[in-house]
Amino acid sequence: MPITVVTANGPTTRFIDANLELKVTPHVTQDGSVLLNVSATRNQIGDRVDNLGVPGIITNEAITEMIVRDGDTAVLGGIYQRQAQENKSYVPWIGQIPVLGWLFKTTTRTDSRDELLIFISPRIVNRSSALLDAG
């Protein structure tokens, strides 16, 4: 993701990786199930900025190992994101008067939560021919 950063030499463009990445390593077991080593990573740009103006990266990661039968579906969750925000607005001068000011103020609160769910359905290719060759 390109980010414009203002330095002593003027504005420059830097590229920062903010990826959504899924790595799966499958292993077929003796009974025809699939053992999966799963690593899911979700990186996004944060609100904090360092001295050079480069924003930080928020990293969310889930690593697990699961056994799934051929053709079944497994669900991986646990990568959450929550944003809470409070905005206050008021009429200048009048909104700052004690007691009477409450009539001229508004407060808005938002709280949003997101969860990344990953559905995995492994299938063994040529399973019938593999079983015939093994037998």
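The structure presented is a predicted model; accordingly, all values stated were derived computationally and were not measured. When reading the values below, keep in mind they use all heavy atoms of this one structure, side chains included, and skip hydrogens, waters and symmetry mates.
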Do I63 and V38 make a side-chain contact, defined as non-hydrogen atoms from C-beta onward lying under 4.5 Å apart? no

Tell me, with the steps shown, if R113 and D111 meet salt bridge (Lys or Arg N to Asp or Glu O under 4.0 Å). CA-CA 7 Å; R113 298 173 189 187; D111 188 5; 3.4 Å; yes

Same cluster or not: are L103 and Y90 linked, directly or through other Ile, Leu, Val, Met, Phe, Trp or Tyr residues, by side-chain heavy atoms under 4.5 angstrom apart? no

Could you check if a side-chain atom of N37 sits within less than 4.5 angstrom of a side-chain atom of H27, using non-hydrogen atoms only? yes

For D70 against R123, the heavy-atom pair lying closest together: OD1-CA, 3.1 Å

Restricting to side chain to side chain donor-acceptor pair (under 3.5 Å), what partner residues turn up for N87, sequence neighbours left out? none

Could you tell me which non-hydrogen atom of K105 sits nearest to which non-hydrogen atom of G95, and how far apart they are? CE-O, 2.7 Å

Any side-chain heavy-atom pair of I94 and P92 under 4.5 Å: no

Step by step, would you call T106 with K88 a side chain to side chain contact (heavy atoms under 4.5 Å, CB included)? CA-CA 6 Å; T106 59; K88 294 182 180 181; over 6 Å; no

Are the side chains of L117 and E115 in contact, using a 4.5 Å heavy-atom criterion? yes

Shared hydrophobic cluster for L20 and I118 (ILVMFWY, side-chain gaps under 4.5 Å): yes

Do the side chains of S39 and E61 get nearer than 4.5 Å, heavy atoms only? yes

Between N19 and E21 (side chain of the first, backbone of the second, donor and acceptor by atom type, cut-off under 3.5 Å), is there such a pair? no

Between atom CD1 of I67 and atom CG of L35, what is the distance when rounded to the nearest 0.5 Å? 5.5 Å

Look up atom OG1 in T25 and atom CD in E65, then write down how far apart they are to the nearest 0.5 Å. 10.0 Å

Distance check, rounded to the nearest 0.5 Å: L76 atom CG versus F119 atom CZ? 10.5 Å

For residues I124 and G32, report the shortest heavy-atom separation together with the two atoms involved. CD1-O, 3.2 Å

Over all atoms of both residues, closest heavy-atom pair of T73 and V68: N-CG1, 4.5 Å

